[in-house]
Number of protein chains: 2
Amino acid sequence: MTDSGTFKSDDFLDHISLDCVIFGFHNGELKVLTLRLKYTKEFALPGGFLGKEETLEDAAKRVLQERTGLKDIFMKQFKVFSDPDRSKTNVAIQDLINTGAHPDLHFFEKRFISVGFYALVDFTKVKPSPDFFSDKCEWKNVNEQAPYILDHKKIIEKALEVLRRQLSYQPIGYNLLPEKFTMPELQKLYETILGRELDRRNFQRKMLSYKILNKLDERKKGGAYKSPFLYEFNLENYQKALNEGLSGSF
Amino acid sequence: MTDSGTFKSDDFLDHISLDCVIFGFHNGELKVLTLRLKYTKEFALPGGFLGKEETLEDAAKRVLQERTGLKDIFMKQFKVFSDPDRSKTNVAIQDLINTGAHPDLHFFEKRFISVGFYALVDFTKVKPSPDFFSDKCEWKNVNEQAPYILDHKKIIEKALEVLRRQLSYQPIGYNLLPEKFTMPELQKLYETILGRELDRRNFQRKMLSYKILNKLDERKKGGAYKSPFLYEFNLENYQKALNEGLSGSF
DNA sequence: GAACTATGTGTCAAACAGACACAATAATAA
DNA sequence: TTATTATTGTGTCTGTTTGACACATAGTTC
């Protein structure tokens with residue numbers, strides 16, 4: 001999906017689209033930003049098309065900024081979806097075309113291969129806004145069974161699979177947590193992505209051993225019981241860990 | 001590049017291509033299969049276009065089989081290259097078009113985004129064969145500085161980077177070595193991909209701990225000095241390791 | 001103020017990684 | 001035929017990391 005009434009199919013390359021799985025973390029749950037399509041009320045991933053002079057990364061940035069209001073989002077290509085039948089069951093979009101809501105909608109009838117991006121964002125900073133084809137932009141639990149169009153459910157699952165794998169050799173959190181956070185919050189994030197529980201004490205030891213955290217002299221007040229210390233990421237080391245990887249067998 | 005004189009641009013989707021980085025291992029060196037273009041004598045990766053009813057994976061399989069003679073090759077998408085300028089410096093292909101060697105060559109003047117695949121093959125089983133646009137198909141050392149067209153040198157480097165990363169959480173070798181191989185050969189493969197030396201004894205201990213090897217009651221004769229034992233991969237465990245990963249931090 | 005619950009810190013044994021020693025083998029040189 | 005030599009097979013030692021678990025501490029709840 002792309003922005004507003006200014007959509008002109010002439011601006012874009014045929015057959016190529018992109019879809020963004022935008023992950024956020026809130027209340028101990030992993031969320032995905034979704035759009036609800038006008039008329040059919042089915043759900044879709046934020047997506048768009050490739051401008052004639054754009055890189056895919058630029059196009060994804062454009063989409064991400066339009067839907068979240070944020071610039072400089074952490075994102076990564078993770079897979080191209082090219083099944084020729086992936087857009088055939090496209091009842092939702094066909095219905096939309098039939099409404100005649102836009103003169104250029106026949107563009108959507110073509111076959112598209114879609115490049116999947118996943119993005120990690122700070123939930124609290126996102127201002128979700130729908131695009132021309134949708135009436136609502138909202139967070140959904142990553143596991144929630146909702147009527148997604150096309151192969152978008154599959155795209156979400158693949159993104160999560162890749163994210164999980166990356167967790168074992170790359171740090172994660174800078175893009176998903178507020179600036180200051182507690183160790184239990186960071187642990188909950190890891191547990192949520194991995195889908196299993198971790199030992200509190202061993203988790204802390206390991207995270208600290210990566211040297212990517214700065215412990216602050218502040219505690220998080222207001223919660224129940226003993227107030228935990230706040231941490232922030234050490235950006236220099238975090239960046240280094242992103243480039244070089246965390247451990248690995250060889 | 002695609003096969004023979006039967007090329008018809010109508011069979012393919014506009015703007016989408018794929019390039020294959022085909023890795024082989026021979027004489028302790030990591031090789032890449034290349035094509036030498038007719039007329040300009042520059043080098044290119046084996047590649048092709050996406051048929052109107054094909055998945056990208058099918059298209060890659062087609063290309064791989066045409067260039068190597070092999071079916072069932074291990075391969076993986078690793079990145080999409082979408083810089084709008086990536087085909088602008090396309091002197092080689094422009095020259096080819098100017099020869100009028102094929103009526104349909106103006107197809108190549110369009111902008112293409114290319115999906116990169118890497119493939120791992122048994123060097124000894126490959127029968128390299130050029131395509132319609134090239135006069136030679138040959139192995140090159142992965143580090144060799146040769147005049148590659150477009151961004152193909154960059155594509156190779158990226159493929160190697162991804163391969164290296166995968167080495168730390170996935171087994172490699174089944175697709176690159178003959179059925180029976182020695183421990184020193186396997187080690188040399190790892191060292192070549194990683195670009196650094198490993199301790200012989202620690203390497204063996206680690207590989208055996210993965211349980212993906214069957215030690216045979218045979219030794220490799222003919223070499224100099226003490227003859228090493230032969231091993232084969234335990235396919236069941238190898239497959240399991242591919243799916244589940246080898247170690248990892250979490 | 002007592003009870004409670006989550007956090008901060010520490011211990012222990014088992015598994016693992018990195019560095020290195022020595023014996024065995026088969027081709028080569030004498 | 002025998003000694004030499006390069007390579008392979010196997011093992012040890014030490015320091016580090018991991019996984020399982022115990023106890024003290026701080027702030028809320030009753």
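Throughout, protein chains are lettered first and strands after them, A, B, ... in sequence-line order, and every chain is numbered starting at 1.
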Rounded to the Å, how far apart are [X] [atom1] and [N] [atom2]?
X: A:L246; N: D:dT18; atom1: CG; atom2: P; value: 11 Å
X: A:L230; N: C:dT7; atom1: CG; atom2: P; value: 13 Å
X: A:K188; N: C:dA6; atom1: NZ; atom2: C1'; value: 14 Å
X: B:K221; N: C:dA27; atom1: NZ; atom2: C1'; value: 11 Å
X: A:L186; N: C:dT7; atom1: CG; atom2: C1'; value: 15 Å
X: B:E218; N: C:dA26; atom1: CD; atom2: P; value: 14 Å
X: A:F250; N: C:dG18; atom1: CZ; atom2: C1'; value: 13 Å
X: B:R219; N: D:dT7; atom1: CZ; atom2: P; value: 17 Å

* To do: Kindly indicate whether a cation-pi arrangement holds for B:K215 with B:F229, taking the cut-offs as under 6.0 Å to the six-membered ring centre and within 45° of the axis.
  => yes
* Asked: Can you tell which of C:dA27, D:dT8, C:dT9 lies closest to the side chain of A:K215?
  ->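 Per side-chain heavy atoms of A:K215, the pick is C:dT9.
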* **Within the 6.0 Å centroid threshold, strictly below: B:F233 and B:Y238** =>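 Yes: the rings meet the under 6.0 Å criterion.
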* B:F117/B:F78 aromatic ring centres below 6.0 Å -> no
* To do: Indicate, yes or no, whether a donor-acceptor pair under 3.5 Å links the base of D:dT25 to the side chain of A:K226.
  => yes
* Asked: Which residues satisfy the side-chain hydrogen bond (donor to acceptor under 3.5 Å, both in side chains) test with A:E191, sequence neighbours excluded?
  ->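 A:Q187.
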* Have A:Y118 and A:Q166 got a donor and an acceptor in their side chains that come within less than 3.5 Å? ->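 Indeed, the side chains of A:Y118 and A:Q166 share at least one donor-acceptor pair under 3.5 Å.
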* Going by the angle between their ring planes, with limits at 30° and 60°, are A:F250 and B:F203 parallel, tilted or perpendicular? -> tilted
* **Close approaches to DNA chain D from residues 196-213 of chain A, in residue order (heavy atom, under 4.0 Å)** => A:D199, A:R201, A:N202, A:R205, A:K206
* Structure fact -> Comparing nearest nucleotides in DNA chain D, the 5'-proximal residue of the pair A:Y225, B:P228 is B:P228
* Quick one: is B:S227 getting a side-chain N or O under 4.0 Å of the C:dT25 phosphate, OP1 or OP2? -> no
* Do the side chain of A:H26 and the main chain of A:F123 share a donor and acceptor less than 3.5 angstrom apart? -> no
